[in-house]
Amino acid sequence: PALRAQNEEVLRQTLDRSPSPIANLFLLDTAGTLVATARTVGPSGDSVRAFANRGYFAIVKRERGLVVGEIRRSAVLADRPWVIVLARAIIDRDGRFSGVVSM
């Protein structure tokens with residue numbers, strides 16, 4: 001949490017250089033709580049464990065490869081567009097699951 005502003009700046013810069021179909025970039029902790037995001041999300045997106053119930057989150061914790069989520073209406077973007085989430089586990093130097101990066 002102490003580095004959220006710095007992490008969000010990196011995500012914003014990355015999003016600005018990404019192809020236009022990418023709507024947002026997220027970093028989630030091991031519990032599914034939002035750590036940082038490139039674009040502001042609605043109030044429900046910033047609550048504790050807000051992303052833990054997403055299907056891709058459980059799969060990425062187990063599989064640790066690239067996970068393609070189901071097509072759905074965004075639960076966090078204000079205009080509720082149709083989205084497909086791509087997610088990948090963040091693994092620490094010791095091979096332990098330490099979070100998720102998604103777009």
Side-chain angles (χ1 to χ4, degrees):
L3 297 175
R4 184 167 180 162
Q6 293 92 329
N7 285 329
E8 288 187 341
E9 181 57 29
V10 170
L11 292 177
R12 271 191 293 278
Q13 289 176 16
T14 303
L15 183 61
D16 287 346
R17 292 187 295 256
S18 298
S20 62
I22 297 174
N24 206 350
L25 301 170
F26 300 89
L27 293 178
L28 310 173
D29 68 11
T30 58
T33 303
L34 186 67
V35 173
T37 182
R39 286 180 54 194
T40 303
V41 297
S44 65
D46 222 8
S47 59
V48 174
R49 297 181 51 83
F51 294 83
N53 67 345
R54 303 286 170 43
Y56 70 84
F57 187 80
I59 296 168
V60 80
K61 282 177 73 172
R62 266 192 333 269
E63 305 295 327
R64 307 225 174 145
L66 179 66
V67 172
V68 179
E70 68 279 359
I71 187 168
R72 60 182 290 164
R73 289 277 188 187
S74 174
V76 295
L77 296 174
D79 56 348
R80 306 228 350 117
W82 288 99
V83 296
I84 297 175
V85 176
L86 304 176
R88 187 169 187 104
I90 300 170
I91 306 301
D92 70 13
R93 289 186 177 117
D94 296 323
R96 291 181 302 236
F97 174 73
S98 60
V100 173
V101 60
S102 65
M103 65 177 150

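Heavy atoms only, all atoms of each residue included: N7 and A36 are closest at CB-CB, 3.7 Å. Residues L28 and V35 share a closest heavy-atom pair of C-CG2, 3.9 Å. Contact record, T37 with R12: O-NH1, 4.5 Å, taken as the closest heavy-atom pair.
E8 contributes atom CD, which lies 7.0 Å from atom CG of L11 (distance to the nearest 0.5 angstrom). Distance check, rounded to the nearest 0.5 Å: CZ of R73 to CH2 of W82 gives 5.0 Å.
Linking ILVMFWY residues whenever their side-chain heavy atoms come closer than 4.5 Å, directly or via other members, leaves V67 and I91 in distinct clusters. Placement of I84 and L25 within a single hydrophobic cluster is found when ILVMFWY residues are connected by side-chain heavy-atom separations under 4.5 Å, directly or transitively.
With sequence neighbours left out, R96 forms a salt bridge (charged side-chain N to carboxylate O under 4.0 Å, His left out) with D92, D94. Residues that satisfy the side-chain contact (heavy atoms from CB on, under 4.5 Å) test with A31, not counting sequence neighbours, are D29, T33, R49. For R17, the side-chain contact (heavy atoms from CB on, under 4.5 Å) criterion is met by Q13, T14, not counting sequence neighbours. I90 is linked by a side-chain contact (heavy atoms from CB on, under 4.5 Å) to L27, S98, V101, counting only residues two or more places apart in sequence or in another chain. For D79, the side-chain contact (heavy atoms from CB on, under 4.5 Å) partners at least two apart in sequence or on another chain are L77, P81.
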List the atom pairs, donor and acceptor, that lie under 3.5 Å between side-chain atoms in residues 55-65 and the rest of the protein, sequence neighbours left out.
from	atom 1	to	atom 2	distance (Å)
R64	NE	K61	O	3.4
R64	NH1	G95	O	3.0

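Side-chain contact check for V100 versus R88: every heavy-atom pair is 4.5 Å or farther apart.
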Derivation and outcome, side-chain contact (heavy atoms from CB on, under 4.5 Å), residues M103 and N24: CA-CA 6 Å; M103 65 177 150; N24 206 350; over 6 Å; no
